[in-house]
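Just so it is clear, the model here is predicted, and its values are computed rather than measured. Here is how names work: the chains are called A, B, and so on, in the same order as the sequence lines, proteins then strands, and each is numbered from 1.
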Amino acid sequence: MYDEIIKLSFQNCLSKLNINEDVDIFFEFPKNPNHGDLSTNIAMQLAGKLKKQPRQIAQEIINTIEYDSNFIEKFEIAGAGFINIKLKPEFYAHSLNKIYSFGDMYGKSEKGKGSKVNVEYVSVNPTGLLHLGHGRNACIGDTIANLYEWMGYDVTREYYFNNAGNQMNNLAKSIYARYRQQLDNPDFPFPEDGYHGDYIKEIAAELIEKHRDKLITDDEDNLTIIRKFGEVWCFGKIKQTLERMSIHQEVYYNEDSLYADGKIKDVIDYFKSNELAYEKDGALWLALSKMGLDDDRVIVKSSGEPTYRLPDIAYHREKFLRGFDILIDIFGSDHIATVPDVLAGVKALGFNPEKVKVYIHQFVTLTENGEQIKMSKRTGKNYTLDDLLDEVGPDVVRFFLLMRGISTHLEFDLGLAREQSEKNPVFYLQYAHARLCSIFDIAEQKGINLNKDIDFNLLQHEAEIKLIKQLMNLPASIETACNKGEPQILADYLRELAAAFHVFYHECRILDAGANLCNARLALAKVTQIAMKNGLLILGISAPKRM
RNA sequence: GCGCCGGUAGCUCAGUAGGAUAGAGCAUCAGCCUUCUAAGCUGAGGGUCACAGGUUCGAAUCCUGUCCGGCGUACCA
């Protein structure tokens, strides 16, 4: 938003010079004060296309450009062809005034208005408890959903699950074995590929409490009861854990319904009738080689059961049919293999695969004192997301899982997370917010009220200008984080915002600055408070009034 | 073997639609509280951007190759 007026000047200037290349005019606040207040590399961008020297283009631009002299003091060419812009203080006053007028909604955009987005995340089958990797998936998905909402999109948060098939049978058998071990036979054999986690023992104990020995014969009826019991138990725990992190998904989509409603059959029929599927060795193969991929894959096994690819494709088709314009999938890196197949399938069904955005995050490792904490499945001593929430609380968990780029392996430092001190980065942000709240509390006690007649031109201190610049960046930060699917960009922005505020707080007295300056600084504090609160809200982290 | 992700300060990580002197947090060292919250602020030291070539005015960023780590590579999901 800070560059709207200036960008327009540049656009007009370029068309005046008959330069019609398709380039985005991009401005930044240079770190080095010698490089002006705003800077653009547009002349260098154009140099290659126009086959001219960047400095020459820059010169032509500043000779030709018409600009608002109320805001811009001068242009300078520097380095290889940067155009550095020296702004007048009025520019910041004007910008801050505009931000102030947005009130609580600062950061909200309408750019996505009218567009429906489906964000699918977590999507863990009800066979166990959530662990750290799921937590990362959940926080990324939830935050991306928040980002899209703030961009004005109509967002649906969705959880896709499967409560049928092999894995659920495996769960039932695992519970049954523990049930027998606890009930009558400590040596009852445990299935080789069963679920080893301790939670299975808990389920079995509850099963005994409820059914006593009535399920002792392992017939199909009893296994069905056990399976359902396990499913309900696991789902209850999963939802409870998500609830603790303030994650609410409005749609729980059951894979099974794709079969019941004939959607799977529809897709098979479509592929068959378009000669994209064929029978071989008793199985049905999808001709991915006709869709630009290397190998054909089985979509219905010779046993008659579909492989995961088929329902995944049908599910994406269904989401398109439900009217979504953008489909977002959040996957862990272990699901990378499904992506090309699903996208090819979606394309073959006549939908635009570019509307499917797949964000794949890497794994999480838990460390303490530099040593990795093993989460061995063999021993069953999984460190669960709930354990972590118990230990450090939801704000720390969310921030730690969001503060890294999604494609980086994330090291969760338990020691640092546990630290209830200035070392813990999440408190840095929350502390800024608490300080802001405290200022307004004390102002109220002193009978100082923010009045509407604000002279933003009084804000000329270096710390004030830096804070205003940072505040101006919020919308761009949200938009970039959204477009790139990178919550980390917002987390990083908020850290910089907090830093700019803390410096301002340290350098500039607010309440005893004299009536007019006090009022202007209070307004600046107000905007900062809103920006910080909204940013934390998007990350799903609380904004405490006191610490 | 092949595919994807990563390798940047002691540690954890930003920066990769090519741009100005490669940044932040933590750790280390030196300062700042009778003042709106010191969970804060100021300063210092710390780099072969894994390695080797290439592309050009300019490369951490793009291309090629190599090495190291993670995840995949099923008629498992």
Side-chain angles (χ1 to χ4, degrees), chain A residues 23-24 26 30-32 34-35 39 41 44-45 47-48 53-55 78-82 84 123-125 127 162 165-167 170 193 255 280-285 294-295 297-309 311-312 332-340 360-363 365 367 370 403-413 416 419-432 434-443 445-446 448 463 488-489 491-492 495-496 498-499 501-513 518 521-522 525 546-547:
Chain A
V23 284
D24 189 31
F26 174 77
K31 275 171 247 164
N32 186 333
N34 296 329
H35 297 152
S39 174
N41 65 351
M44 288 132 101
Q45 299 273 348
Q53 291 301 316
R55 288 188 68 105
F82 292 96
N84 294 336
S123 296
V124 175
N125 287 336
T127 58
N162 178 11
N166 261 337
Q167 297 201 31
N170 197 355
D193 51 354
E255 180 187 321
K280 191 178 98 181
D281 306 330
L284 186 69
W285 293 68
D294 289 339
D295 298 311
R297 301 284 180 193
V298 169
I299 51 173
V300 181
K301 297 187 249 179
S302 50
S303 65
E305 288 172 293
T307 65
Y308 65 87
R309 276 173 260 268
D312 275 4
S333 62
D334 53 337
H335 281 67
I336 184 81
T338 78
V339 177
I360 293 169
H361 61 85
Q362 298 296 313
F363 278 23
T365 51
T367 62
M403 71 180 179
R404 303 296 180 219
I406 68 169
S407 63
T408 308
H409 295 106
L410 190 155
E411 185 164 310
F412 196 111
D413 184 337
L416 182 61
E419 186 96 37
Q420 299 283 318
S421 75
E422 76 283 353
K423 288 177 194 169
N424 194 321
V426 68
F427 296 132
Y428 187 73
L429 309 189
Q430 293 183 316
Y431 184 56
R435 264 187 159 176
L436 282 155
C437 292
S438 171
I439 292 166
F440 287 102
D441 283 350
I442 290 165
Q445 285 166 26
K446 290 186 173 179
I448 301 171
Q488 187 262 336
I489 289 171
D492 219 46
R495 196 190 46 71
E496 283 171 18
F501 164 69
H502 285 309
V503 173
F504 161 70
Y505 181 90
H506 190 259
E507 299 284 323
C508 304
R509 301 289 302 172
I510 298 170
L511 298 177
D512 43 14
C518 168
R521 284 179 173 170
L522 268 183
R546 222 166 284 282
M547 284 176 75

- request: Go through A/Ile448 and A/Cys518 one step at a time and tell me if the side chain to side chain contact (heavy atoms under 4.5 Å, CB included) criterion holds.
  value: CA-CA 9 Å; A/Ile448 301 171; A/Cys518 168; 4.1 Å; yes
- prompt: When rounded to the nearest Å, what value does the distance between C1' atoms of B/C49 and B/U8 take?
  reply: 4 Å
field: Rounded C1' spacing from B/U12 to B/A74 in Å
entry: 37 Å
Kindly give the atom pairs (protein nitrogen or oxygen, nucleotide nitrogen or oxygen) under 3.5 Å for nucleotides 25-32 of chain B.
none

query: Does a side-chain heavy-atom distance below 4.5 Å link A/Asn162 with A/Tyr308?
result: no
Do any N or O atoms of the protein come closer than 3.5 Å to N or O atoms of nucleotides 3-11 of chain B, and which pairs are they?
from : atom 1 : to       : atom 2 : distance (Å)
B/C5 : O2'    : A/Ser407 : O      : 2.4

- prompt: Taking atom C1' in both B/U35 and B/U28, what distance in whole Å separates the two?
  reply: 31 Å
field: Gap in Å between the two C1' atoms, one belonging to B/C63 and one to B/A27, rounded
entry: 38 Å
- prompt: Within the structure shown, what part of the strands sits under 4.0 Å from A/Pro311 by heavy-atom distance: base, sugar-phosphate, or nothing?
  reply: nothing
- line: Separation of B/U42 atom C1' from A/Glu507 atom CD, nearest Å, is 9 Å
- prompt: Rounding to a whole Å, what distance do you find between A/Gln45:CD and B/U56:C1'?
  reply: 15 Å
task: Answer yes or no: does a side-chain N or O of A/Lys301 lie under 4.0 Å from OP1 or OP2 of B/C76?
output: yes
task: Begin from the C-alpha positions of A/Thr127 and A/Asn170 and carry the test side chain to side chain contact (heavy atoms under 4.5 Å, CB included) through to its verdict.
output: CA-CA 9 Å; A/Thr127 58; A/Asn170 197 355; over 6 Å; no
- line: Taken in chain and number order and not counting sequence neighbours, the residues that satisfy salt bridge (charged side-chain N to carboxylate O under 4.0 Å, His left out) with A/Arg521 are A/Glu464
- prompt: For A/Ile442, which contact category applies under a 4.0 Å heavy-atom criterion: base, sugar-phosphate, or nothing?
  reply: sugar-phosphate
query: Where the side chain of A/Tyr428 is concerned, which of B/C75, B/G40, B/G72 is the nearest nucleotide?
result: B/G40
query: Want to settle it: does A/Ala337 or A/Phe504 sit nearer the 5' end of RNA chain B, counting the closest nucleotide to each?
result: A/Phe504
Length of the line joining A/His502:NE2 and B/A39:P, which is rounded to integer Å: 10 Å
- request: Could you check which of B/C36, B/C71, B/A14 has an atom nearest any side-chain atom of A/Ile439?
  value: B/C36
task: Please check the phosphate of B/A38 (OP1 and OP2 only) for any side-chain N or O of A/Arg435 closer than 4.0 Å.
output: yes
field: B/G15 and B/G7, which share atom name C1', separated by this distance in whole Å
entry: 15 Å
- prompt: How would you label the contact of A/His35 with the nucleic acid (heavy atoms, under 4.0 Å): base, sugar-phosphate, or nothing?
  reply: base
message: Measure CD1/A/Ile406 against P/B/C13 and give the value in whole Å, please.
response: 15 Å
message: Tell me whether A/His335 and B/A77 count as stacked here, given that the ring centres must be under 5.5 Å apart and the planes must differ by less than 30 degrees.
response: no
query: Which distance, rounded to the nearest 0.5 Å, do you find between the CZ of A/Phe26 and the CG of A/Asn41?
result: 8.0 Å
field: Whole-Å C1' distance, B/C29 and B/C67
entry: 37 Å
query: What would the secondary structure line of RNA chain B be in dot-bracket form, counting Watson-Crick and G-U wobble pairs under 3.5 Å, with [ ] for pairs that cross earlier ones and | for pairs with another strand?
result: (((((((..((((.....[...)))).(((((.......))))).....(((((..]....))))))))))))....
message: With syn defined as a glycosidic angle within 90° of 0 and anti as the rest, where does B/C57 land?
response: anti
message: So for A/Ser39 and B/A20, does any side-chain atom that can act as donor or acceptor lie under 3.5 Å from a complementary atom in the base?
response: yes
Between P of B/C2 and CG of A/Asp294, the distance in whole Å: 13 Å
message: Looking only at the side chains, is there a donor atom on one of A/His502 and A/Arg435 sitting less than 3.5 Å from an acceptor on the other?
response: yes
task: Would you state whether a donor and an acceptor, one from the side chain of A/Asn170 and one from the base of B/A77, lie under 3.5 Å apart?
output: no
query: Hey, are the side chains of A/Met547 and A/Phe427 touching, using non-hydrogen atoms and a 4.5 Å cut-off?
result: yes
- request: Would you indicate whether the side-chain heavy atoms of A/Leu436 and A/Tyr505 approach each other to under 4.5 Å?
  value: no
query: Contact class for A/Gly405 (heavy atom, under 4.0 Å): base, sugar-phosphate, or nothing?
result: sugar-phosphate
Sugar-phosphate, base or nothing in reach of A/Asn166, heavy atoms under 4.0 Å: nothing
field: Euclidean distance for C1', B/C62 against B/C26 (whole angstrom)
entry: 33 Å
query: Which part of the nucleic acid, if any, lies within reach of A/Asp281 when heavy atoms closer than 4.0 Å are counted: base, sugar-phosphate only, or nothing?
result: base
message: Can you confirm whether A/Leu511 sits close enough to A/Leu522 that some side-chain heavy atom of one is under 4.5 Å from a side-chain heavy atom of the other?
response: yes
query: Among B/C71, B/A77, B/A74, which nucleotide sits nearest the side chain of A/Arg297?
result: B/A74
message: Any base atoms under 4.0 Å from A/Cys437, or only sugar-phosphate, or nothing? Heavy atoms, all strands.
response: nothing
message: Taking the minimum atom-to-atom distance to the side chain of A/Arg509, which one of B/C75, B/A77, B/C36 wins?
response: B/C36
Please list every donor-acceptor pair under 3.5 Å in which a side-chain atom of residues 298-307 of chain A meets a protein atom from a residue at least two apart or in another chain.
from     : atom 1 : to       : atom 2 : distance (Å)
A/Ser303 : OG     : A/Glu305 : N      : 3.4
A/Ser303 : OG     : A/Glu305 : OE1    : 3.3
A/Thr307 : OG1    : A/Val298 : O      : 2.8

message: If the condition is salt bridge (charged side-chain N to carboxylate O under 4.0 Å, His left out), which residues does A/Asp441 pass it with, not counting sequence neighbours?
response: A/Arg546
- request: Could you walk me through whether A/Val339 and A/Ile360 pass side chain to side chain contact (heavy atoms under 4.5 Å, CB included), step by step?
  value: CA-CA 10 Å; A/Val339 177; A/Ile360 293 169; 4.0 Å; yes
query: Under 4.0 angstrom, heavy atoms only, what part of the nucleic acid is A/Ala432 near: base, sugar-phosphate, or nothing?
result: nothing
query: Want to settle it: does A/Ser303 or A/Gly79 sit nearer the 5' end of RNA chain B, counting the closest nucleotide to each?
result: A/Gly79
message: By the 4.0 Å heavy-atom rule, please label A/Glu496 as base, sugar-phosphate, or nothing.
response: nothing
- request: Remember a base hit wins even if backbone is also touched, and classify A/Thr307 as base, sugar-phosphate or nothing at under 4.0 Å, heavy atoms.
  value: sugar-phosphate
message: With a 4.5 Å cut-off on side-chain heavy atoms, are A/Leu429 and A/Arg495 touching?
response: yes
statement: So CG of A/Asp413 and OG1 of A/Thr365: to nearest 0.5 Å the spacing works out to 10.0 Å
message: Expressed as a whole number of angstroms, how long is the span from A/Asp295:CG to B/G1:C1'?
response: 13 Å
- prompt: C1' atom, B/G40 versus B/U61: distance in rounded Å?
  reply: 36 Å
Nearest listed nucleotide, side chain of A/Glu255, among B/U42, B/A77, B/A20: B/A77
message: Strictly below 4.0 Å, N to O, side chains only: are A/Asp312 and A/Arg309 in salt-bridge contact?
response: no
